[in-house]
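Below is one structure, written out as structure tokens; the observations come after it.
A note on names: the letters A, B, ... follow the listed sequences, proteins ahead of strands, and every chain is numbered from 1.
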Amino acid sequence: MQKRSDSAIDQLFADLSDPQREAVAHTDGPLLILAGPGSGKTRVITRRAAHLACTVTEPRHILAITFTNKAAKEMRERIDALSVGEGMTVGTFHALCAKLLRRHHERAGVPMNFTIFDRDDRRNVIKTALERCNLSADNLSPASVDQEIGRAKNAMFSAAQYAARNLDWRERMIARVYECYERLLAEMGGLDFDDLLMRTALTLSRDDELRAELENRYRYVLIDEYQDTNAAQYQIARLLTQEHLNLCATGDPDQSIYGWRGADIGNILSFERDYAGAKVVRLEQNYRSTKRILLAADALIAGNVMRKEKRLWTQNDEGPAVRVLECEDGDDEAGQIAEEIADRIREGVAPGDIAVFYRVNSLSRVIEEAFLRHGLAYQIARGVEFYNRKEIKDVLAYLRVLVNPSDEVSLVRIINTPPRGIGATTNERLRDRAAARGVRIFDLLLDDEAILSLGRGGQKVREFGGLLRQLAPALELPPGQALETVISHSGLRALYHETREADDAPSANLDELISAASDFQQDQPEATVIDWLEHSALVSDVDAVRGDGGAVTLMTLHSAKGLEFAHVYLIGLEDGLLPFRRAEQSWNSNGGDDEEERRLCFVGMTRAKKSLTLSRARYRMLRGVTQRTTRSPFLDELRDAGLEWPESEKATKGRSTIVQPSMGHPPIDLAEWTIGTLVRHPQQGLGRILSIHRGGRRTHVDVEFENGSRKSWVVEFADLRRVDFDEVG
DNA sequence: AATATTCCCGTTTTT
DNA sequence: CGGGAATATT
């Protein structure tokens, strides 16, 4: 270990506040850093890691666990910049657990070549499990079973443990499905996301030798966003630091937003009890936001009853008032915001300094459309969506089968992709034969005897088997080349090459996948296909956001955690949408936690450095229907927080608030407007009405024009004219 | 067997 | 609204 000079160490304490310094200086024993938003937490933990590496240990003995891969990458870069030597382990819980399970697979009781099953894969297996249990999806939807199994695993209940509890009728059925699901998963050599954590926790608790070995390796453990750890993660942390107790947890109870996936805010609240003698450092000075932004955020979070009081303060400027935008509907909201952002960019603001946040992904679409109309460069945080595309999943399925022939979810996916004449009947026969012999479908592919019994499809199956055999050597190649080989030899390239749609080109996505793999192997030259598959299974939406400043960023509030932007727009502040509440028919009252929703809103607001705008629409279209909305109670709570409200919100100033519709247009007889009506628009030309949505006061129509474009208009406002048939010719 | 079409359903957030 | 499954068509 290269000890550094005293002056170099002093450097690590430069420009720090007293509490920050305290945290950096702490070496041994449990440490809890309660870090409010923008309090310089990242800086503190990177400096502390560097300090540890300079004084009491070596980088290789430090383990840092972050919430996203992006955060991991950034932390590594920041620590590298302090040049205290390499060798630190940094990653997410899921990525680290996957690595650990792979390395110690025999002790963990998992196959070396396990594949990671994502949500779709899991649903898929659950459907099969439901069939095996002879339970049709009547009372038990795959989604609800999925949710329940996830809950169980997050709480560290195995199928047997789940079944052993006191169960009601519904839970007993789920218990059977859970058991079957686990069996299927094991047969296929698959681990779902929750398994990665649960298996690791179990292994560490059962195998004390391994636990001790790891504890000796990782002598200083740091866990970021500790408020969002679940039972399994908590246990892993506990087991890894059992003897040396060098756990540094950082987080903020006010930013706990993952309760719905098993995160237990209690983990951070009881840290001091769990780790006796823990040192606690509070970072409450905010270096990020203006006074007015912080004031508003603080006023909001004060509404939470179950809360440890915390005082946030800043020496930053007062800044402009936090603004509220009341819009007519989603299009109006998107249009106003796009226009304003376009102005700001013209005034010299870098697009990358601007972000739009929303509660649900579906809100991104209108914003996206408005941005396109205004010619604004934007990026949407959706790495996962990319990996969910058909063509991408197809390619990955090939690799998965090559790595793990037991992975029948993937095998079934590719056996007839591209179409090669293996249809439902052949597939069914294959399944039966495999079950009868107690072997995998894969084992039949090149078995002449089995293939003969398949009838006409046999030859095709045999060819498919040959293809897989031919592709197998690709596994030895670096991920990028392996991908290229598979894409070109499997016929997927040809399949997707000829698709004609211009808007989303599957073939281009395949290229993007290849280049993503190439980037990956640039970072990790030793990486194998298995590593790449693992990596791609564990990407998060936010991992994909670029920081090059050239584009406005659109993302969900959840993805926004840990980030910051100069100018933030938070849209959709409507009752039921921002405090999100599902329609009340749900008998399982899991959701409906307004306090968590308030924290989520708080997280969004505190991302803003210089300006913050909160918007709502009076009419909101969600899943195809427009509904009148009610202003978010959160906005009402901010009444006295010094926000700037729109004109109409202030007391009546004697000015008419009645909007004069359709300037200069004659009154419209709505009976004349039906689906299929031909219309003419001055710019777009001739078009046909596709659909009509009657809102409260306005009627929207979707029109498809001759030039192929589709637009949505408000009938009363748009310059649309009916066209009679004889006019067309 | 493959492709085109219709219809029906779920309704967050994510590793 | 949009994806997936069921159904119709070639």
Side-chain angles (χ1 to χ4, degrees), chain A residues 65-72 91-98 116-120 122-124 127 137 141-144 147 150 153-154 191-198 225 228-230 232-233 257-263 330 357-363 365-366 381-385 387-390 416-427 456-457 460 534-543 555-561 572 576-583 585-586 590-593 596-597 599-601 603-604 620-626 690-691 693 702 712:
Chain A
I65 303 178
T66 59
F67 203 72
T68 62
N69 296 298
K70 182 169 186 262
T92 64
F93 264 110
H94 292 268
L96 294 165
C97 288
I116 298 174
F117 279 36
D118 66 18
R119 203 176 117 256
D120 284 355
R122 178 195 256 197
R123 290 266 165 104
N124 207 318
K127 273 179 205 162
S141 71
S144 67
Q147 199 180 9
K153 288 193 174 183
N154 281 322
L191 295 186
D192 63 29
F193 289 139
D194 299 322
D195 284 335
L196 295 174
L197 304 176
M198 189 174 162
E225 309 285 9
D228 282 321
T229 50
N230 64 24
Q233 292 166 326
I257 55 175
Y258 283 97
W260 52 272
R261 72 172 204 209
F357 301 150
Y358 34 81
R359 179 64 175 82
V360 298
N361 279 304
S362 58
L363 292 194
R365 177 154 264 114
V366 262
R382 53 178 169 199
V384 174
E385 196 181 281
Y387 285 92
N388 275 337
R389 300 190 61 94
K390 299 176 292 304
N416 198 33
T417 309
R420 50 173 72 90
I422 305 176
T425 42
T426 308
N427 260 318
R456 274 198 320 271
K460 313 277 186 188
E534 197 168 282
H535 171 83
S536 66
L538 297 175
V539 293
S540 71
D541 282 331
V542 80
D543 293 338
M555 63 172 74
T556 63
L557 284 166
H558 282 89
S559 296
K561 184 169 74 161
L577 183 60
L578 189 32
F580 189 93
R581 262 176 263 112
R582 45 192 323 180
Q585 28 91 27
S586 63
N590 62 319
D593 183 354
E596 181 156 308
E597 295 294 308
R599 292 194 290 267
L600 191 54
C601 189
V603 166
R620 174 73 67 191
M621 181 165 76
L622 284 173
R623 50 179 197 274
V625 287
T626 303
L690 292 174
S691 61
H693 313 277
D702 290 327
S712 203

So, the side chain of A:N154 versus the backbone of A:G150: is there a donor-acceptor pair under 3.5 Å, distance only? yes
Looking only at B:dT12, B:dT14, B:dT15, the nucleotide nearest the A:W260 side chain is B:dT14
Once you apply a heavy-atom cut-off of 4.0 Å, does A:D541 come out as touching a base, just sugar-phosphate, or nothing? sugar-phosphate
For A:I422, is there any backbone N or O sitting under 3.5 Å from a side-chain donor or acceptor partner on A:N416? yes
How many angstroms lie between CG in A:N69 and NE2 in A:H94, if you round to the nearest 0.5 Å? 10.0 Å
On the nucleotide C:dG2, are OP1 or OP2 found under 4.0 Å from the side-chain N or O atoms that A:R365 carries? yes
Specify the separation, in whole Å, of atom OH of A:Y358 and atom P of B:dT12. 15 Å
Minimum-distance nucleotide (side-chain atoms of A:H558 versus B:dT14, B:dT15, C:dC1): B:dT14
Of the candidates B:dT15, B:dA1, B:dT13, the side chain of A:T426 sits closest to B:dA1
Rounding to a whole Å, what distance do you find between A:L363:CG and B:dT12:P? 12 Å
Could you tell me how far apart A:N154 (CG) and B:dT14 (P) are, to the nearest whole angstrom? 16 Å
A:F193 stacking on B:dT14: centroids under 5.5 Å, ring planes under 30°? no
Distance, rounded to the nearest Å, where A:L622 contributes CG and B:dG10 contributes P: 17 Å
For nucleotides 5-9 of chain C, give me every protein contact, N/O to N/O, under 3.5 Å, one pair per line with atom names.
residue: C:dA5; atom: OP1; partner: A:K127; partner atom: NZ; Å: 3.4

When rounded to the nearest 0.5 angstrom, what distance separates CG in A:L538 from CG in A:D543? 9.5 Å
My understanding is that only residues two or more places apart in sequence, or in another chain, count here; which of them pass salt bridge (Lys or Arg N to Asp or Glu O under 4.0 Å) with A:D118? A:K393
Just how far, in rounded Å, is P of B:dT15 from NZ of A:K70? 13 Å
Rounding to an integer number of Å, can you tell me how far A:D543 CG sits from B:dT14 P? 12 Å
Expressed as a whole number of angstroms, how long is the span from A:D118:CG to B:dT14:P? 14 Å
Scan A:S559 against the nucleic acid and name what it touches under 4.0 Å (heavy atoms): base, sugar-phosphate only, or nothing. sugar-phosphate
Within the distance-only criterion (no hydrogens, no angle test), does the side chain of A:D195 pair as donor or acceptor with the backbone N or O of A:D192 below 3.5 angstrom? yes
Between A:G421 and A:V360, just flag the one whose closest nucleotide in DNA chain B comes earlier from the 5' side. A:G421
Under 4.0 Å, heavy atoms only, any strand: does A:A424 hit a base, just the sugar-phosphate, or nothing? sugar-phosphate
Give a yes/no answer on whether the side chain of A:N416 brings an N or O atom under 4.0 Å of OP1 or OP2 in B:dA2. yes
Check whether any side-chain N or O of A:T425 sits under 4.0 Å from OP1 or OP2 of B:dA1, and answer yes or no. yes
Using a 4.0 Å heavy-atom cut-off, does A:Y258 contact any base of the nucleic acid, only the sugar-phosphate backbone, or nothing at all? sugar-phosphate
Answer yes or no: is there a donor N or O on one side and an acceptor on the other, between the side chain of A:D228 and the main chain of A:A263, under 3.5 Å? no
Rounded to whole angstrom, note down the C1' distance from C:dG4 over to B:dT13. 22 Å
Whole-Å distance separating the CG atom of A:D120 from the P atom of B:dT15: 14 Å
Would you indicate, yes or no, if B:dT13 has its OP1 or OP2 atom less than 4.0 angstrom from a side-chain nitrogen or oxygen of A:N361? yes
When rounded to the nearest 0.5 angstrom, what distance separates SG in A:C97 from CD1 in A:I116? 10.0 Å
Using only side-chain N and O atoms of A:T556, determine if any of them is under 4.0 Å from OP1 or OP2 of B:dT12. no
Looking at residues at least two apart in the chain, or sitting in another chain, which of them share a salt bridge (Lys or Arg N to Asp or Glu O under 4.0 Å) with A:E597? A:R359
Nearest-nucleotide 5' precedence on DNA chain B, A:R420 against A:S540: A:R420
